[in-house]
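Heavy-atom basis, side chains included; hydrogens, waters and symmetry copies ignored. The sequence lines fix the lettering, A, B, ..., with proteins before strands; numbering per chain opens at 1. For clarity, every value in this text was computed on a predicted model and none was experimentally measured.
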Amino acid sequence: MRTIASGGEPLGAELLTWGRQTFGLTINEFYGQTECNMIVSSCAAIMPAKPGHMGRPVPGHEVAIVDEQGRRLPPGTLGQIAVKRPDPVMFLEYWYNPQATRQKFLGEWLLTGDMGIVDEEGYIRFVGRNDDIIISAGYRIGPGEIEDCLMGHPAVNMAAVVGVPDPVRHEVVKAFIVLKPGYEPDTALAEEIRNYVKDRLAAHEYPREIEFVDALPLTATGKIMRRVLRERQTGKSDDNASEPPRSTDGRQDASM
Amino acid sequence: MLPPASTYEELVHAFRWDIPEYYNIGVDVCDKWAHAAPDRLALIHRQANGDIEQFTFEEIRQLSNQTAHLLAEHGIERGDRVGVLLPQRPETAYAHVAIYKLGAIAVPLFTLFGPEALRYRLQNSGAMAVITDEEGAAKLARLRDELPHLRVVLNVDGRGHSSVDFHQGRKNQSTEFTPVTTRADDPALIIYTSGTTGPPKGALHAHRTLLGHLPGVEMSHDFFPQQDDRIWTPADWAWIGGLYDVLMPAWHHGITVVSQRFRKFDPEAAFELLAVLHVRNAFLPPHGAQDDAHRLHALEILEVRDAHHRQRR
């Protein structure tokens with residue numbers, strides 16, 4: 001082997017060490033997303049790997065950490081990872097969805113929806129998502145489609161889907177379900193619901209964990225507060241509810 | 001696309017984009033090499049039974065040209081969407097090349113998608129044709145009534161489930177095809193991505209996206225390509241990671257791609273594949289390679305397997 005590249009979710013220091021021991025090479029981590037891919041990378045040939053960091057901006061792409069107004073933030077500050085347009089790798093638009101396309105950009109920046117920190121040398125660290133996207137086993141999974149599917153099951157009255165920390169997959173999909181009257185919240189029903197999603201939607205995004213609850217936390221406008229459900233999982237108090245998102249490995253980052 | 005450099009600063013300083021006004025992915029990854037080095041190996045595919053199939057760039061050119069004619073025969077024109085519901089196999093690769101040369105828009109679809117996920121993506125994209133296998137044809141047969149745009153399902157395994165036999169139709173076509181002239185900014189593919197609220201969104205990419213991927217691909221493989229490089233990934237070609245981090249960039253550079261469908265990620269088989277087929281470069285997602293349903297964690301499973309191996313020794 002001459003090279004191994006890895007991306008899709010953060011590469012731990014352990015895997016970096018394993019790569020050196022097994023293949024005698026440094027695994028290069030890189031970063032991107034479907035809309036704007038391969039924009040940050042490591043390159044052991046010319047720069048040392050920093051465990052916990054994805055690498056530096058790939059030449060040709062202007063990548064920065066920006067605040068909510070799209071202003072570039074200095075090193076060491078948590079913000080959103082953004083890419084300046086135009087950029088040859090960047091997508092054209094969302095198919096027949098101009099509203100989503102507009103929301104993806106802020107002025108000259110494409111917003112990745114990923115939070116990060118850049119250090120003095122330009123290395124970027126991935127911190128987590130700024131929304132409810134679940135990153136599990138390398139897949140980016142949106143809760144909306146799973147919730148829609150769950151709602152099709154005859155026993156389900158309400159459903160909310162979040163990612164909960166998992167040592168192997170980074171996160172796993174967990175569904176909180178309010179049952180319709182007359183259904184018993186038992187393991188057989190949980191299994192049936194799991195298979196229901198697996199068969200209809202996709203075998204890689206069914207809820208591995210299901211918890212039956214009496215009610216879901218809702219906003220005044222009736223929107224499910226997924227963050228509250230997530231925080232219940234990680235045992236965080238509501239005091240942190242206004243904080244920026246948790247890191248995807250479940251740790252509350254000190255720099256937040 | 002990267003200039004030689006010994007430091008990151010030097011690399012950034014020397015780099016310039018080279019994006020032509022007219023550019024077609026299919027011509028770039030296939031016809032270019034079929035002309036310059038027709039006998040060069042494009043693909044080494046290991047079948048489920050262990051048999052090896054090999055394809056030169058000239059063979060991929062001819063197969064993709066026949067496929068383009070077949071799609072045209074079924075009414076597919078420039079700008080039309082064509083679904084590709086296939087795992088890693090040769091047809092997947094040359095179907096993409098054919099769709100791009102036709103000026104149509106490829107819609108990669110993951111083979112593990114269930115009916116709801118497929119229905120949404122096919123309805124939303126308005127796909128007029130889908131190239132798939134027997135398994136995919138069976139899934140699509142149950143959705144046909146809800147997919148008014150879908151004219152034809154081309155089945156690489158035969159003609160079950162109201163599908164049309166892909167290979168039978170392809171073999172009758174000419175191996176010569178004049179690719180449509182496309183601008184670098186013209187649309188080439190739609191890859192669906194999950195949203196926080198509501199249904200998935202189809203990210204529409206232009207032909208230039210392949211050129212845009214090159215600096216990152218080259219950097220993450222320490223100045224890819226080098227002499228004797230040969231690349232493989234367990235990531236499915238329905239995702240941008242398999243398709244645009246590995247397959248298409250490798251072919252842009254005339255580098256041989258190794259492929260195999262792992263229904264269940266088998267570390268023993270993966271190590272063997274790396275050794276026997278002389279793989280020099282790999283893209284390995286840290287955990288999920290392609291099939292989460294089968295607990296697939298490419299790097300970690302390889303790691304565990306390797307630890308056991310060393311203990312035994």
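- Within the model, atoms CG of Leu11(B) and CZ of Arg56(A) stand 10.5 Å from one another, a figure rounded to the nearest 0.5 Å.
- When side chains are defined from C-beta on, Trp95(A) counts as touching Ile105(B), because their heavy atoms get closer than 4.5 Å.
- Proximity to chain A (any heavy atom under 4.5 Å) is shown, for Asp228(B), by neither the backbone nor the side chain.
- For Thr7(B), the part lying near chain A is the backbone, with the side chain staying farther off; criterion is any non-hydrogen pair under 4.5 Å.
- The structure places CG of Leu112(B) at 11.5 Å from CG of Leu201(A), a figure rounded to the nearest 0.5 Å.
- Atom CG in Asn28(A) sits 13.0 Å away from atom CZ in Phe224(B) (nearest 0.5 Å).
- Inter-residue side-chain proximity for Gln33(A) and Thr193(B) is flagged as unmet; no heavy-atom pair is nearer than 4.5 Å.
- For the pair Tyr8(B) and Pro57(A), the minimum side-chain heavy-atom distance is below 4.5 Å.
- Contacts of Gln226(B) with chain A are made by both backbone and side-chain atoms, with heavy-atom separations under 4.5 Å.
- Contact annotation for Leu210(B): neither backbone nor side-chain heavy atoms come within less than 4.5 Å of a heavy atom of chain A.
- Neither the backbone nor the side chain of Ala14(B) comes within contact range of chain A; no heavy atom of the residue lies under 4.5 Å from a heavy atom of that chain.
- Contact annotation for Leu243(B): neither backbone nor side-chain heavy atoms come within less than 4.5 Å of a heavy atom of chain A.
- Not one N or O on the side chain of Ser220(B) forms a donor-acceptor pair closer than 3.5 Å with the backbone of Ser41(A).
- In this structure, the portions of Ile191(B) lying under 4.5 Å from any heavy atom of chain A include both its backbone and its side chain.
- For the atom pair Ile146(A) CD1 and Glu116(B) CD, the distance stands at 11.5 Å (nearest 0.5 Å).
- Separating the CE atom in Met90(A) from the NE2 atom in His205(B) is a distance of 10.5 Å, to the nearest 0.5 Å.
- Of the atoms belonging to Tyr244(B), not a single heavy atom falls under 4.5 Å from chain A.
- Ion pairing between Glu93(A) and Lys201(B) fails under the 4.0 Å rule for side-chain N and carboxylate O.
- Nearest heavy atom pair, residue Gly216(B) against residue Met38(A), reads C-SD, 3.4 Å.
- Of the charged side-chain nitrogens involved, none lies within less than 4.0 Å of a carboxylate oxygen, so that Arg2(A) and Asp222(B) do not count as a salt-bridged pair.
- Salt bridge status for Arg121(B) with Glu145(A): present, with a side-chain N to carboxylate O gap under 4.0 Å.
- A distance below 6.0 Å separates the ring centres of Trp239(B) and Tyr139(A).
- Residues Met219(B) and Met47(A) are in side-chain contact: their nearest non-hydrogen atoms beyond the backbone lie under 4.5 Å apart.
- In this structure the side chain of Pro88(A) never reaches within 4.5 angstrom of the side chain of Thr209(B), judged on heavy atoms.
- Checked against the 6.0 Å centroid threshold, His61(A) and Trp17(B) count as a close aromatic pair.
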